[in-house]
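Below is one structure, written out as structure tokens; the observations come after it.
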Amino acid sequence: MAAVAAMLGVTVFDTLPGLFIGIGVSLFPLLYRSSRPVMSKLGQLPGNGHFAALDRHSESHRIPGVIVLRVEAGIYFANAERIRSEARTTPPAAAATCSPT
């Protein structure tokens, strides 16, 4: 896509403006994808204590009162608000009720 935009930009305008058009067109999809990182909610696997994605491993369980998120991208200004909102809208697991003995 960026190569086609750069080629058309060079053909229509000139070399330098076409180069800038190609750079601009290639940056938009990069910023779009990096501002929407893949996030997984994690739970603890029984036995070994490792953490795994809750949607992939049905045997993993959430820790009461704790939210564990795995962000599969770097955290920076473009995706920080999305990560924050995901963390705030995810309810923590309910605390286990203990009966006094």
Side-chain angles (χ1 to χ4, degrees):
M1 172 101 165
V4 172
M7 183 184 70
L8 290 175
V10 168
T11 304
V12 173
F13 298 108
D14 198 13
T15 305
L16 192 58
L19 178 68
F20 287 135
I21 289 171
I23 291 171
V25 169
S26 66
L27 285 178
F28 284 121
L30 176 70
L31 288 174
Y32 180 80
R33 285 191 308 262
S34 66
S35 68
R36 287 161 177 73
V38 175
M39 289 180 274
S40 303
K41 296 170 186 74
L42 302 181
Q44 196 169 26
L45 291 171
N48 59 11
H50 294 178
F51 286 87
L54 290 168
D55 57 348
R56 294 184 193 158
H57 299 276
S58 60
E59 68 274 8
S60 62
H61 62 278
R62 296 175 65 184
I63 299 172
V66 177
I67 301 168
V68 182
L69 288 176
R70 177 177 55 214
V71 181
E72 298 181 14
I75 301 173
Y76 69 109
F77 72 94
N79 62 11
E81 184 60 36
R82 189 175 197 88
I83 294 168
R84 181 183 299 122
S85 67
E86 178 72 22
R88 289 186 179 185
T89 58
T90 303
T97 56
C98 298
S99 59
T101 56

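Inter-residue side-chain proximity for Phe51 and Ile63 is flagged as met; some heavy-atom pair is nearer than 4.5 Å. Side-chain contact between Lys41 and Asp55 is absent, with no heavy atoms from C-beta onward closer than 4.5 Å.
Every residue two or more places apart in sequence or in another chain that forms a side-chain contact (heavy atoms from CB on, under 4.5 Å) with Leu8 is listed here: Val4. Every residue was checked against the salt bridge (Lys or Arg N to Asp or Glu O under 4.0 Å) condition with Arg33, not counting sequence neighbours, and none meets it. Shown here are the side-chain contact (heavy atoms from CB on, under 4.5 Å) partners of Phe77, two or more places apart in sequence or in another chain: there are none.
Although no hydrogens or angles enter the test, the distance criterion places no donor-acceptor pair under 3.5 Å between the side chain of Asn79 and the main chain of Pro37. Put simply, the side chain of His57 never gets that close to the backbone of Ala52: no donor and acceptor are under 3.5 Å apart.
Residue pairs that meet the salt bridge (charged side-chain N to carboxylate O under 4.0 Å, His left out) test with at least one member in residues 58-82, sequence neighbours left out, are Arg70-Glu72, Glu81-Arg84. Applying the salt bridge (charged side-chain N to carboxylate O under 4.0 Å, His left out) test to every pair with at least one member in residues 2-27, sequence neighbours left out, gives no pairs at all.
Leu30 and Phe20 end up in the same hydrophobic cluster when Ile, Leu, Val, Met, Phe, Trp and Tyr side chains are linked at under 4.5 Å. In the hydrophobic cluster analysis, where Ile, Leu, Val, Met, Phe, Trp and Tyr join through side-chain heavy atoms closer than 4.5 angstrom, Met7 is grouped apart from Val12.
Through side-chain heavy atoms spaced under 4.5 Å, either directly or across other Ile, Leu, Val, Met, Phe, Trp or Tyr residues, Met39 is tied to Val71, Ile75, Ile83.
The two residues Ala5 and Val25 have their closest heavy-atom pair at CB-CG2, 3.7 Å. A pairwise comparison of heavy atoms in Ala53 and Ser60 identifies O-OG, 3.9 Å as the closest pair.
Interatomic distance, Leu27 CG to Ser34 OG, rounded to the nearest 0.5 Å: 10.0 Å. Note that CG of Leu42 and NE2 of His61 are 12.5 Å apart. Values are rounded to the nearest 0.5 Å.
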